[in-house]
Protein chains: 2
Amino acid sequence: MATRTRRSQRRTEALSRDRIVEAAVELLDTAGEGGLTFRALTERLATGPGAIYWHVANKDELLDAATDAVVAAALAADSPRAEPSARVESSARAEPSTRGESAEPAESAESAKSPDSPQDKIRAIAFGLFDAMADHPWLPTQLALQLSRSPWGSVTPQIFENIGRQVRALGVPEGHWFTAASALVHYILGAAGQNAANNASARALAPDVDRAEFLDAASQAWEDLDPDDYPFIRAVAAQVREHDDREQFLAGIDLVLTGITALHLSGEQGGTTPSAT
Amino acid sequence: MATRTRRSQRRTEALSRDRIVEAAVELLDTAGEGGLTFRALTERLATGPGAIYWHVANKDELLDAATDAVVAAALAADSPRAEPSARVESSARAEPSTRGESAEPAESAESAKSPDSPQDKIRAIAFGLFDAMADHPWLPTQLALQLSRSPWGSVTPQIFENIGRQVRALGVPEGHWFTAASALVHYILGAAGQNAANNASARALAPDVDRAEFLDAASQAWEDLDPDDYPFIRAVAAQVREHDDREQFLAGIDLVLTGITALHLSGEQGGTTPSAT
DNA sequence: ACCTGAACACCGTTCAAGT
DNA sequence: ACCTGAACACCGTTCAAGT
C-alpha cells in the first residue's frame, strides 16, 4: 500500500541532475535510507536506469549530491538573518535559557553585545544543521559515510569553513584555529546526529505518541541497563529526560566556546605547538 | 591472486558466534567494508550461509557484534595501566607538549599531580579509541551506522559510561554531567574518526609512500580549494600539515576539558538548567 | 542442536540500441 | 546529446533436508 506514484506530471520538464537529486532527497525523506533504489528512482522519474546513469556516475555520487544539497541549504538558511529559535515550535521555553546562562559562555572582548556576535553565528550554524538532521533522518549517516569515503569531499569543507570564519572572528590566535574549529565541528555533528538518531529510534518504537512519551521510552532504555555496570548512565538518564534537546545541544556548544575562549586568554604564542608557524 | 584461504586448519573447532565475529573482523580489516560478505565468510569458515544464520540473526547484527568487540577491546586496554603514548612510534616529540601546556588544561583541585588523574584517564580512553580506529579503518563508519540504527545499542553506553565516570571524578556538578560527557564523547568519536578517514584516504591515494608525503597529499587537497570560497581552510591547511595527528587530537581534548572545568568553577547550582534536580 | 547448500528476491550497474 | 530497457553479476536471506 501507500507509495502513491506522483508521476501524474506527464513527462514535463526533461531529466536533469538536479531533478534526480531532488527526487533522491524526497525518496530518502519518505522511504528512508533503504528506500532509495534505482528502481524506485526510475519509477518516480518515469525513466530507465540508463537515463539516470547518464547524469550521475553511481549511487555513491548520488548520495553525496543529496547530502551536499541538504547541508548547503542548511548553511545558507542562517546566513541572512539568524533565526535560532524560529523552529522551536513545541519548546518555546528554550528561549529564556538560550541566552547568557550557563557559565558565562565566552563573550569575547569587543563584539559582545552585538546582535550577531561570532558566538551567535556559530549557534545559528549549529542549529541549522541540527534542524536539517531532524528533517532528514538519513543525513547523519550519509554525512558519516561521505566523511569516511572522502574527508575532503564538498560537505566537510563547507561546514568547516563556515565555523572556521567565526572562530577567527572570535579572536582565537592562529595557532589554535584548527583545534578550535575541529572541536566545534565534531561536537555539532556528533550531538546533532545523536539527537536525530534518538528521535528516529523513538519514533520507530512508538510511531505516533507524544514527544514527552517517547522521550520516556528513550531514557527508559538507559534506565534499564544494569546499575552495577552502568552507574553513570543510570544517573544521567533521569536528567536527560527532563531536558529539552535544543537546550542540551546549546549547552554543549557553549561549553566548547568557553574552552576556546579560555584557550586564547591564556597564551597568544601558540600553546599546544611550540614549534608551529 | 592474494586471498590465500587460510582454511588449512581442517575443520578443527566447531563454529561459534565468537569465531564468526572474529572472522568478520579479520575480513573487515583485510578486505575493507565491502569485503565482508556472507560468501567470503562462508569460504573462510568453510561452511554454508545457513550455519552462520544459526548463530547470528543478520548482517547488521554481525556488524554490530564486530564493532562491539573492537570497541570493548579498546576500552579494556587502557584500564589496568594507562599507556597514553606507548604507540607513538614516529612522533616521540609529542611527549613534552602533551603535558600542562595549552591553556592550563583543567587540572582539578585535588587529584592534580596524581599519576592517574581523571584527565589522564580520559586521555587514555580517547587514545584507545583513536588507535582502534587507526587499526580498523571500518570502525568509524560502523560506529556511526550503529549509532543511527540504535543509539542505545551496546557500544555507545560503553563509551559514555567510561567517559562519564571520569567526568564525575572531575568534580563536575551533577547538573552538567550529561553536557560534559556528551561534549567529550562527540569530540573524541568525531576527531578520531576524521583522523582515521584521513589516513585511509591518503593511503588510497598514495598506497605506499611515507607518512610525511601522504600528509602532504592530504592537506594539498585543501590547499587546492578556491581561496575566495575557502579562505579559512586554506589558512589552516599549512598548519595541519605541520602538526602531529595525536598532538592535535590531544589539544582538542584539553580544550573540551578546559571548558568543562570553567563550567563547574562558575556556578554549582546548575547553570543551563535552572529547573533540574 | 547444529549444519548443508540450492534457491529466491532484490539490487547496482552495463550496454547495445534507439532518437 | 540524451534516453530505453533487457541483461548481468552479486548480494543477503530462506528453508527443506540432513546429522
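Chain letters run A, B, ... following the sequence lines, proteins first and then strands; every chain starts at 1.
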For [X], side chain to side chain contact (heavy atoms under 4.5 Å, CB included) partners two or more places apart:
| X | result |
| --- | --- |
| B:S182 | B:F160, B:F178, B:H186 |
| A:D228 | A:D226 |
| A:A144 | B:A144 |
| A:L147 | A:T156, B:Q194 |

Rounded distance in Å - [atom1] ([X]) to [atom2] ([N]):
| X | N | atom1 | atom2 | result |
| --- | --- | --- | --- | --- |
| A:R39 | D:dA6 | CZ | P | 12 Å |
| A:L45 | D:dC3 | CG | P | 11 Å |
| B:R17 | C:dC3 | CZ | P | 14 Å |
| A:I20 | C:dT13 | CD1 | C1' | 15 Å |
| A:E43 | C:dC11 | CD | P | 11 Å |
| B:E33 | D:dG12 | CD | C1' | 17 Å |
| A:L36 | C:dG12 | CG | P | 7 Å |
| A:F38 | C:dG12 | CZ | P | 7 Å |

Please list residues of residues 50-64 of chain A whose heavy atoms come under 4.0 Å from any atom in DNA chain C, ordered by number; otherwise none.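 DNA chain C contact set from residues 50-64 of chain A: A:G50, A:Y53, A:N58, A:K59.
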
Euclidean distance for C1', C:dA17 against D:dC2 (whole angstrom):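 About 13 Å, rounded to a whole number of Å.
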
Quick check: do B:P231 and A:E161 have side-chain heavy atoms less than 4.5 Å from each other?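 Heavy-atom side-chain distance check passes, below 4.5 Å.
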
Go through B:I163 and B:I188 one step at a time and tell me if the side-chain contact (heavy atoms from CB on, under 4.5 Å) criterion holds. CA-CA 10 Å; B:I163 292 288; B:I188 291 169; 3.8 Å; yes

Would you mind telling me which of D:dA7, D:dG5, D:dG12 lies closest to the side-chain atoms of A:P49?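 Between D:dA7, D:dG5, D:dG12, the one nearest the side chain of A:P49 would be D:dG5.
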
Name all pairs fulfilling the ring-ring contact (aromatic ring centres under 6.0 Å, His included) condition that reach into residues 13-35 of chain B, sequence neighbours left out, sorted by first residue then second. none

Qualifying ring-ring contact (aromatic ring centres under 6.0 Å, His included) pairs with a residue from residues 46-75 of chain B, counting only residues at least two apart or across chains: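 For residues 46-75 of chain B: B:F38-B:Y53.
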
Output a table of donor-acceptor pairs, distance under 3.5 Å, between side-chain atoms of residues 66-73 of chain A and any protein atom two or more places apart or on a different chain; print 'none' if there are none.
unit_1	atom_1	unit_2	atom_2	d
A:T67	OG1	A:L63	O	2.8
A:D68	OD1	A:S154	OG	3.0
A:D68	OD2	A:S154	OG	2.3

Grab the stems for DNA chain C, please: at least three consecutive Watson-Crick or wobble pairs, both distances below 3.5 Å, written as range with range.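 DNA chain C forms these stems: C:4-8 with D:12-16, C:12-16 with D:4-8.
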
